[in-house]
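For reference, the structure discussed in these notes is given below.
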2 protein chains.
Amino acid sequence: MGLRERHKEDRRLRILQAASALFRAQGYDAVRIEDIAAQADVSAGTCYNYFTTKGDILLSIVTLEVEEVIDAGRAVVARPPEDVASALDGLIHIYYDHSLMYLSKAMWRIAISLTISAPETPFSQRYSGLDAKLAAQVGDLLVALQHRGRVRADFDPGLIGRVIFNQLNQAFIDFCKDEAMSLETLRAESGQMTAQLARLLSPRVAAE
Amino acid sequence: MGLRERHKEDRRLRILQAASALFRAQGYDAVRIEDIAAQADVSAGTCYNYFTTKGDILLSIVTLEVEEVIDAGRAVVARPPEDVASALDGLIHIYYDHSLMYLSKAMWRIAISLTISAPETPFSQRYSGLDAKLAAQVGDLLVALQHRGRVRADFDPGLIGRVIFNQLNQAFIDFCKDEAMSLETLRAESGQMTAQLARLLSPRVAAE
DNA sequence: CAAAAGGATTGAGTTCATTCATTTTTGAAG
DNA sequence: CTTCAAAAATGAATGAACTCAATCCTTTTG
């Protein structure tokens, strides 16, 4: 790798680290591109050689985080708890905890809103792809549970995986929208939902 | 009502109408506050006496639309079709069609993203409240179907109503994110989902 | 009816993201 | 070691949202 390439890598990383630290410390809106540039020892213009918009910098940080969440989820899917509700709750627990490790509610809000308002942006698309992967992971968990006979076999696990993921996602968005809401409350609400869905999915029904 | 009050009403309305027309014609981003002000025969500053941000003007337009959607939905809930899948599809059909009558995909994208990125804004909160009403309406439909014995009685209709609404909502967001996607495709995808859920909710299960 | 008080309007001014013409740096070729 | 073309970096210029001190209208009061 030549000098030029190394410089490029280096600068990209410096910009990302500077932005990440500043966003976390001061909030997305309060940070100016010039601040990021100064902290990264480049000029404002250079930031635009690496990222198309300020939002893209944030999304780039967030996608790194989501990738880690997916990795963390794999462990649960490979070795899921026995019953449906616990399995779902375990996965969800990991998703939520990991998501808040490095990113504030405000950063998530902005990131999510960007993927909706500017879906054509490269990082937006990447983020959407990761969301799809997360949904697929939930589907994988359901398949594992189906194999064990813990859930009904007469439905499409991919589809229901997406249904469940959408619930988690919406609950998480509501959580991010309300600064006063605690992680415990989020977990409790998701738990209610999964318990309900686990019941609908269980093979033996005490119908009516 | 004094002259001052009348002026206020009048101006507010003029700003809203000007913005609505311009947003539709040129798209949200392409319209400047000054353009709206000019079209409404006021100054740019005045727009900020009536709305806190440019986004708030859009949200104000969108909430009017959502209120109409809720009204339209009431008719279906009052007199739902016999089977679960048709009832859900009917309601959804109305939601989607009405939503696209006056607002473009792009306008929805921006509006939805604003309610996430700036949830404290007055119109944001109003919008969120309307979303909750829509979810409750789906719940009402489920209650009606439960009374007829068309769906299992052993679940919380409010909770499942929210689950279903979240699905619709997410499908609609995905639709707005993809300019190439047709309304037919949206309907088809939602239909798949409701069919699947209708099955899970039906009282007699061909278990496993 | 005159004048003071308070509310609304105004548009020039500020701030920041983004652009772009210019300058600097890099790596290859001679 | 020079020279040169391409790639990158730079920062001054642009444009649009939003702010605010000054001004203009209503309304009220004496």
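Bear in mind that the values here come from a model prediction, so they are computed numbers and not experimental data. Here is the naming used below: chain letters follow the sequence lines, and residue numbers restart at 1 for every chain.
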For [X] and [N], give me the distance from atom [atom1] to atom [atom2], rounded to whole Å.
X	N	atom1	atom2	result
Arg6(B)	dA8(C)	CZ	C1'	16 Å
Glu9(B)	dA8(C)	CD	C1'	15 Å
Tyr48(B)	dT15(C)	OH	P	16 Å
Asn49(A)	dT24(C)	CG	P	17 Å
Arg12(B)	dT9(C)	CZ	P	12 Å
Asp41(B)	dA8(C)	CG	C1'	16 Å
Arg14(B)	dT9(C)	CZ	P	10 Å
Arg32(B)	dG11(C)	CZ	C1'	14 Å

Distance, nearest 0.5 Å, that separates CG of Asp174(A) from CZ of Arg162(B):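 Answer rounded to 0.5 Å: 8.0 Å.
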Rounded to the nearest 0.5 Å, how far apart are OH of Tyr102(B) and CD of Glu65(B)?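 CD of Glu65(B) is found 7.5 Å from OH of Tyr102(B).
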Comparing Glu34(B) and Arg11(B) on DNA chain C - which has the more 5′ nearest nucleotide: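 Looking at DNA chain C, the more 5' nearest nucleotide goes with Arg11(B).
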Respond yes when some side-chain nitrogen or oxygen of Tyr50(B) is under 4.0 Å from OP1 or OP2 of dT9(C), and no when none is.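 For Tyr50(B), the contact criterion (side-chain N or O under 4.0 Å from OP1 or OP2 of dT9(C)) is met.
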Is the shortest side-chain N/O distance from His7(A) to OP1 or OP2 of dT26(C) below 4.0 Å?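 Answer is yes, contact under 4.0 Å.
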Closer to the 5' end of DNA chain D via nearest nucleotide, is it Ala44(B) or Thr46(A)?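 Its nucleotide being nearer the 5' end, the pick is Thr46(A).
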Note: [X]-[Y] ion pair, threshold 4.0 Å (strictly below):
X	Y	value
Arg109(B)	Glu179(B)	yes
Lys133(A)	Glu67(A)	no
Asp83(B)	Arg150(B)	no

Check for me whether Lys54(A) meets the cation-pi criterion with Tyr48(A), that is, NZ or CZ under 6.0 Å from the six-membered ring centre and within 45 degrees of the ring axis.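 Not satisfied by the 6.0 Å and 45° rule.
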Check every nucleotide of DNA chain D for an atom under 4.0 Å from a heavy-atom of chain B, then give the first and the last such nucleotide from 5' to 3'.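 Using the under 4.0 Å cut-off, the span is dA16(D) to dT27(D).
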Please say which of Ser128(A), Ser117(A), Ser124(A) ends up in a side chain to side chain donor-acceptor pair (under 3.5 Å) with Lys177(B).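 Exactly one pass, corresponding to Ser128(A).
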Considering only side-chain heavy atoms of Ile33(A), which listed nucleotide, dA8(C), dA17(C), dG11(C), is closest?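 Given the options dA8(C), dA17(C), dG11(C), the side chain of Ile33(A) is closest to dA17(C).
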